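My questions will all concern the structure given below.
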Amino acid sequence: MQVTCCACKASLPRKDCHRNRYNENICRSCQAAGLRFTWRGRLKSLLGRAGLWLGIGLGGLALVLLLTWAFRLLLALDPVALAG
């Protein structure tokens, strides 16, 4: 099976490459030169995680707004019962 090195774009057998944490194939010669990742792969990985964090943040904001709305609705309906 042939894979392409993300750094030097050489086509090599799979056994001569290493897949890093950014899901890139880096050949042994590039690793020996000190290359561990490419910036393109790192940015792609960061942007993929940014979508997840954006979704979590928007979900949290929606929950806070929903609870605020519910509390204001209860306060408008019966302010004495909530005051104590």
Side-chain angles (χ1 to χ4, degrees):
M1 178 177 169
Q2 295 283 331
V3 294
T4 303
C5 176
C6 288
C8 65
K9 307 295 184 215
S11 181
L12 301 161
R14 173 69 182 104
K15 64 179 179 145
D16 291 336
C17 288
H18 168 72
R19 186 172 295 234
N20 62 12
R21 64 178 153 181
Y22 304 113
N23 205 22
E24 302 173 308
N25 290 312
I26 307 290
C27 67
R28 302 287 178 210
S29 59
C30 290
Q31 279 187 336
L35 185 71
R36 297 292 178 227
F37 59 88
T38 61
W39 284 104
R40 181 183 302 157
R42 193 169 185 184
L43 286 174
K44 194 164 77 172
S45 175
L46 180 66
L47 290 175
R49 282 183 275 153
L52 172 69
W53 288 109
L54 181 66
I56 291 172
L58 288 176
L61 180 65
L63 181 65
V64 167
L65 290 175
L66 181 68
L67 290 175
T68 303
W69 174 78
F71 180 74
R72 286 181 160 264
L73 181 67
L74 288 175
L75 189 62
L77 293 177
D78 194 6
V80 177
L82 288 176

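All residue numbers in this chain count up from 1 along the given sequence. Bear in mind that the values here come from a model prediction, so they are computed numbers and not experimental data.
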Q) Got a second to check how far Arg42's CZ is from Arg36's CZ, nearest 0.5 Å? A) 14.0 Å

Q.
Can you give me the closest heavy-atom contact between Gly41 and Tyr22, atom names plus distance?
A. O-CB, 4.0 Å

Q. CZ of Arg40: more than 12 outside heavy atoms within 6.0 angstrom?
A. no

Q. Rounded to the nearest 0.5 Å, how far does CG of Leu47 lie from CG of Leu54?
A. 11.5 Å

Q | Same apolar cluster: Trp69 and Leu61, side chain cutoff 4.5 Å | A | no

Q. Can you check whether Val64's main-chain N or O pairs, donor with acceptor, with Thr68's side chain at less than 3.5 Å?
A. yes

Q) Mind checking what makes side chain to side chain contact (heavy atoms under 4.5 Å, CB included) contact with Ser29, not counting sequence neighbours? A) Cys27

Q: Could you tell me whether a side-chain N or O of Glu24 sits under 3.5 Å from a main-chain N or O of Thr38, the two making a donor and an acceptor?
A: yes

(Q) Run the side chain to side chain contact (heavy atoms under 4.5 Å, CB included) test against Ile56 and tell me which residues pass, sequence neighbours left out. (A) Leu52, Trp53

Only distances under 3.5 Å count here; give the side-chain donor-acceptor pairs of residues 3-17 to other protein atoms, sequence neighbours excluded, each with its distance to 0.1 Å.
unit_1, atom_1, unit_2, atom_2, d
Lys9, NZ, Cys6, O, 3.1
Ser11, OG, Gln2, OE1, 3.3
Arg14, NH1, Cys17, O, 3.1

